[in-house]
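Below, read A as the first sequence line, B as the second, and so on, with proteins coming before strands; counting in each chain starts at 1.
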Amino acid sequence: MDALYARISGNPAFHALQARRSRLAWTLCAGVLTAYYGFILMIAYAPDTFRKPLHADTSVTLGVVWGAAVVLVSVGLTGMYVWRANREFDRLNARILEEAHRAPLG
Amino acid sequence: MPGSLKKRTVHHWARLGAPVGLAAPFAAQAAEPGKGLNPVAVGMFTVFVAVTLVVTYWAARRTRTTRDFFAAGGQISGFQNGLAIAGDFMSAATFLGVTALIFDFGFDGLIYVVGGIAGWPIVLFLLSERLKNLGKFTFADAVSMRLASTPLRTLAATGSLFAVVLYLIGQMVGAGKLIEVLFGIEYQAAVITIGILMVLYVSFGGMIATTWVQIIKATLLLAGGSILSWLVMQRFGFSFDALLREATAHHAQGDGMLRPGLMTHDPVSTLSLGTTLVLGTAGLPHILMRFFTVPSAVEARRSVFFATGFIGYFYLLIFVLGFGAIALVTREAGYFDAATGKLIGGGNMAAIHLSHAVGGDVFLGFISAVCFATILAVVSGLTLSGASAISHDLYTNVFRPHATEQEAVRVSKIAALGLGALAVMLGLLFEAQNVAYMVLLAFSIGASVNFPLLFFAMYWKEFTTRGALLGGIMGLTVAVGGIVFGPTVWVDLLGHESPLFPWKYPALFALAASVTGSIVGSLCDRGPRATRERAAFAAQYVRSQTGLGAEGASVH
């Protein structure tokens, strides 16, 4: 097993996959955390802005919309990650594992 | 800020984990108009118990190995597990407690909804697949993979048990009070009934039964919440604007309730609460455990996707229910105690009264039964998670490394029975107490001990046993100390003049302590063991990324 791990570690395709996956994961993470901590910081420092209605004819406020948007962004980005992972990462991962198993050990 | 309102803010944490904030308002209200014994509620609940016991019998016949018992044999599909995770996460607390928070504090109640959902993408992007690839039954498996097993499992199991038991007490006390009101039975009888049922599910049916109880309950709760929201929206011609307009017209604070600040006071507390919610989610052991019930990392990923979808959908319904309760419950004098002007049955009954306002006695019975099922499912998940920490982490891996499978399963069953008995005893003991701080502590420990341990173990090459121990102990100390010496326990419960720790939510500080301890401890660790641990990171990294060698994966 250790030989297999070492072989995968030395495969540039593994590092390319790993780099792509973590770039996507951290980018999406930053997206969610920006939306969420934006919401929290607005509550902490700009409560009056959050209270304002979106326009003159509605009682729906910026805060309510932002809150609902964080829920939708969370679900949406989760979907985006799963979509990319299913389409692209799983296939690359399977190929890396296959290559590692195919070549004789030693 | 009016004094009464400020006093009530103290209890809102109970509502997150436990469906009922403060015990006292409930006690005297066991039989009130429109409640008592509702035949629909009793009938539906009886059917629920009968079905779940049949499921438990069926599951017991399929539970042979430890893998069956702790991880349902790894045979749960991503969709089923997503529904079960949603079941674990959407407690009666979310449904009743958060609705009640919006009912009382308007906009600020939404923080719990938004914070609860934002944790899920983080779990998916950073934890779920790697956790599944590294672990076997508990998150301690992943933490202790390349680090010293005995001290780290002890630490992780301590973190888990702390969180589980505290959360369990919160749920038991809340549930007892709620059932007393909804079904008109004695508090003691309610707590004992819950205790017996959860021990039956867990010790006979293990994870298979617990998962299916969770799936049935999640389906019921999603259906109940959808129907209720639909009935509410119908009253306003399906216009959220009209609903909100009506709500601001009836709330005591008028449209001031849409301004943040009725519940949150200072920026530091708000930031700390926000952190507790988002990372606490990612550190709750009974939720992390669910990723081992699926066959692969791909299915683990799918589970989070479905879970996030279900939870997100349900949380958007909470927007409707919370503001709907303000609009429709506030104007009916019949829902308030004529003498005190308080909501009949206590603050958490807003959603229940709302179901009556839009659907009458039959619908109220349906929603009450759904709440009972919800509580039962959540305490079962917690009990199983506690039993696995005792049996798998402590017994099999620390005390008796050569224990057989049968022995491990037997120890888990005894542990489940023990935890059940403990939960019932503590539930009875804390009947008249405010248990809000316990749930707050459970989430703070999740955010500041379990989450950083797992994160560093999986992501940071330099992380060593010494760093993990120092970080874990510092995080746990600040979390516990912050609660005990903070405003919730030191002032409100123990009656001191002013708190030694000024902020109500210690998670931000506990997290800082835990991260500092982990980094300093690891960097100062230069022994031969630390060198071995760092060297083992490369192999662990490949395994976590590719699933090669993962538990339950096909062996090549």
Under a 3.5 Å cutoff, is there a donor and acceptor pairing between the side chains of [X] and [Y]?
| X | Y | result |
| --- | --- | --- |
| B/Tyr541 | A/Gln18 | yes |
| A/Asn86 | B/Arg301 | yes |
| A/Tyr5 | B/Thr546 | no |

Residue part contacting chain B, namely of [X], when any heavy atom lies under 4.5 Å:
| X | value |
| --- | --- |
| A/Ile40 | both |
| A/Leu17 | neither |
| A/Ala85 | both |
| A/Val32 | side chain |
| A/Asp57 | backbone |
| A/Trp26 | side chain |
| A/Leu41 | side chain |

Yes or no on side-chain contact (heavy atoms from CB on, under 4.5 Å) for A/Phe14 and B/Gln545, after CA distance, side-chain angles and deciding distance?
CA-CA 9 Å; A/Phe14 170 70; B/Gln545 293 272 341; 3.7 Å; yes
Check A/Val75 against B/Gly312 and note the closest heavy-atom contact, atom names and distance.
CG2-CA, 4.1 Å
Which atom of B/Phe319 lies closest to which atom of A/Gly67, heavy atoms considered:
CZ-C, 3.9 Å
Heavy-atom pair count under 4.5 Å with chain B, highest-scoring of A/Ile8, A/Val64, A/Val73:
A/Val64
Of the listed residues (A/Ala44, A/Ser74, A/Ala94), which shares the most heavy-atom pairs with chain B below a 4.5 Å separation?
A/Ser74
Using the rule given for side-chain contact (heavy atoms from CB on, under 4.5 Å), can you reason through A/Leu33 versus B/Ile122, listing the C-alpha separation, both sets of side-chain angles and the distance that settles it, and then say yes or no?
CA-CA 9 Å; A/Leu33 291 178; B/Ile122 310 297; 3.8 Å; yes
Hey, could you give me the [atom1]/[atom2] distance between [X] and [Y], rounded to the nearest 0.5 Å?
| X | Y | atom1 | atom2 | value |
| --- | --- | --- | --- | --- |
| A/Lys52 | B/Arg259 | NZ | CZ | 11.0 Å |
| A/Thr58 | B/Phe240 | OG1 | CZ | 9.5 Å |
| B/Met263 | A/Ile43 | CE | CD1 | 8.5 Å |
| B/Asp241 | A/Leu54 | CG | CG | 9.5 Å |

B/Phe107 and A/Phe39 aromatic ring geometry - parallel, tilted or perpendicular at 30°/60° bounds
tilted
Measure up the A/Tyr81 and B/Phe125 rings against each other and bin them: parallel (under 30°), tilted (30 to 60°), perpendicular (over 60°).
tilted
For B/Phe310, which atoms come within 4.5 Å of any heavy atom of chain A: side chain, backbone, both, or neither?
neither
Between [options], which has the largest tally of heavy atom pairs under 4.5 Å with chain A?
| options | result |
| --- | --- |
| B/Asp108, B/Leu110, B/Leu126 | B/Leu126 |
| B/Val298, B/Thr248, B/Leu244 | B/Leu244 |
| B/Val278, B/Val113, B/Leu243, B/Asp266 | B/Val278 |
| B/Thr275, B/Val304, B/Val268 | B/Thr275 |

Take A/Tyr45 and B/Leu271 through the side-chain contact (heavy atoms from CB on, under 4.5 Å) test and state the conclusion after the steps.
CA-CA 10 Å; A/Tyr45 294 104; B/Leu271 210 61; over 6 Å; no
Are the side chains of B/Leu548 and A/His101 in contact, using a 4.5 Å heavy-atom criterion?
yes
Take A/Ser59 and B/Asp255 through the side-chain contact (heavy atoms from CB on, under 4.5 Å) test and state the conclusion after the steps.
CA-CA 9 Å; A/Ser59 53; B/Asp255 70 350; over 6 Å; no
